[in-house]
2 protein chains.
Amino acid sequence: MESKIFQSFLGEKGLKLTKERIAVLKEVFSSHEHFEPEELYLRIKDSGSKASRASVYRTLNLLVESGLVEKVTRTEKSNVYEHTFGHSHHDHMICNGCGKIIEFYSEKLEALQNEICRGNGFIGKTHTLEIRGNCEKCIKAK
Amino acid sequence: MESKIFQSFLGEKGLKLTKERIAVLKEVFSSHEHFEPEELYLRIKDSGSKASRASVYRTLNLLVESGLVEKVTRTEKSNVYEHTFGHSHHDHMICNGCGKIIEFYSEKLEALQNEICRGNGFIGKTHTLEIRGNCEKCIKAK
DNA sequence: ATTTAATTGATATTAAATCTCAATTTCAAT
DNA sequence: ATTGAAATTGAGATTTAATATCAATTAAAT
């Protein structure tokens, strides 16, 4: 099923379904665990298929683009920091169009998160919530 | 005020308050914008103070440890992926003690996030919520 | 089967972050 | 204020993830 989706994604973009891309896709969907590119590369090797590191990285980007795979941790080119002392906690909305960052805070949201943690026997210390989408300006611009 | 806190943090660890660390701290708290290490390094240079890249990186780690600064994007050593097709959306709790990852989903939470987005004229497409803290086992182990 | 454009892989490159270590600086104890 | 031990600094080397290069190969439409 996911291979059908990937195939039509590639088709629409004029890209080809190669042995290597199939090998990556297969290995990615062989388990539901989180994984890192290097680890995936080794697993593919062990499984008897083959795809170079370069192809693994390239295919992962395609899989994310197709929506079949997501990055669990959204990394930018480098780490991003902010000073927090003297400022209350807040979360972020980031516009995919223009990069605008909206900071927001919701008492209700914090309370709900704590409640969910409690339900899992978990004590939350910190959290980051990042919502990606489109801001008002960019919505209108379309 | 933040310098007092940093000073006592350093004191407790037997570390010293140096010109370079002061310069980094000052620049970090000179604005409320998000920043990257390289950018901070250049700003310090421009401001007439001086601290090497190495010191900027080292001091940032100390500031995070002290709680005065936070990473906006939590990066691991490398990107972490998961396949999502065939699995409903979920968020993550990550235990600081043992690294255990708990996946959870809450209809209520999703609804509340959408409501908050609407209130900001924002249309959320995707989001990542990562709660860091301690799992049941690690709490008991203490 | 042929052709054309995409793909591959080995290697080079880039870039963020950390490490090394001799020279310097901090700061507590005099 | 001086001293001395331990921490810190900076320049450059190193590490590591990820991307770029490019000749050889391969997919797939005709």
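- Side-chain contact check for Met93(A) versus Phe104(A): some heavy-atom pair is nearer than 4.5 Å.
- One atom, NZ of Lys50(B), and another, C1' of dT8(D), lie 12 Å apart when rounded to the nearest Å.
- Among the nucleotides dA17(C), dT8(C), dA6(D), the one closest to the side chain of Pro37(B) is dA17(C).
- Separating the OH atom of Tyr41(B) from the P atom of dG12(D) is a distance of 11 Å, rounded to the nearest angstrom.
- Here the P atom of nucleotide dA17(C) and the CG atom of Leu40(B) are 12 Å apart, to the nearest Å.
- Computed from coordinates, the Glu39(A) CD to dT16(D) C1' distance equals 16 Å when rounded to whole Å.
- Glu36(A) places its CD atom 8 Å from the P atom of dA18(D), with the value rounded to the nearest Å.
- Proximity note for Thr18(B) (side chain, C-beta onward) versus dA7(D), dG9(C), dT9(D): the nearest is dT9(D).
- Distance CG (Leu62(A)) to P (dA6(C)): 13 Å, rounded to an integer number of Å.
- Among the nucleotides dA17(C), dA18(D), dG10(D), the one closest to the side chain of Tyr57(A) is dA18(D).
- Arg21(B) comes within 4.0 angstrom of the backbone, heavy atoms only, and of no base.
- Of all heavy-atom pairs spanning Leu60(A) and Phe35(A), the tightest one is CD2-CE1, 3.8 Å.
- Candidate nucleotides dG10(D), dA20(D), dA27(D) were compared by shortest atom distance to the side chain of Lys19(A), and dA27(D) ranks first.
- Out of dT19(D), dT7(C), dG10(D), the shortest distance to the side chain of Lys16(A) is found at dT7(C).
- Between the CZ atom of Phe35(B) and the P atom of dA17(C) there is a distance of 12 Å, given to the nearest Å.
- The phosphate of dT19(D) (OP1 or OP2) has a side-chain N or O of Asn61(A) nearer than 4.0 angstrom.
- One can place NZ of Lys13(A) at 19 Å from P of dA5(C), the figure rounded to the nearest angstrom.
- Relative ring orientation between Phe6(A) and Phe9(A) is described as parallel, the plane-to-plane angle staying below 30° on a 0-90° scale split at 30° and 60°.
- Remark on DNA chain C: of its neighbouring residues Glu20(B) and Ala54(B), the 5'-side contact belongs to Ala54(B), judged by nearest-heavy-atom nucleotide.
- Nucleotide dT30(D) is matched to dA1(C) when pairs are restricted to Watson-Crick or G-U wobble geometry with both distances under 3.5 angstrom.
- When each of dA28(D), dT7(C), dG10(D) is scored by its nearest atom to the side-chain atoms of Arg58(B), the top-ranked nucleotide is dG10(D).
- Side-chain contact annotation: Glu130(B) with His127(A), donor-acceptor N/O pair under 3.5 Å absent.
- If you check the side chains of Ser31(A) and Arg43(A), you find no donor sitting under 3.5 Å from an acceptor.
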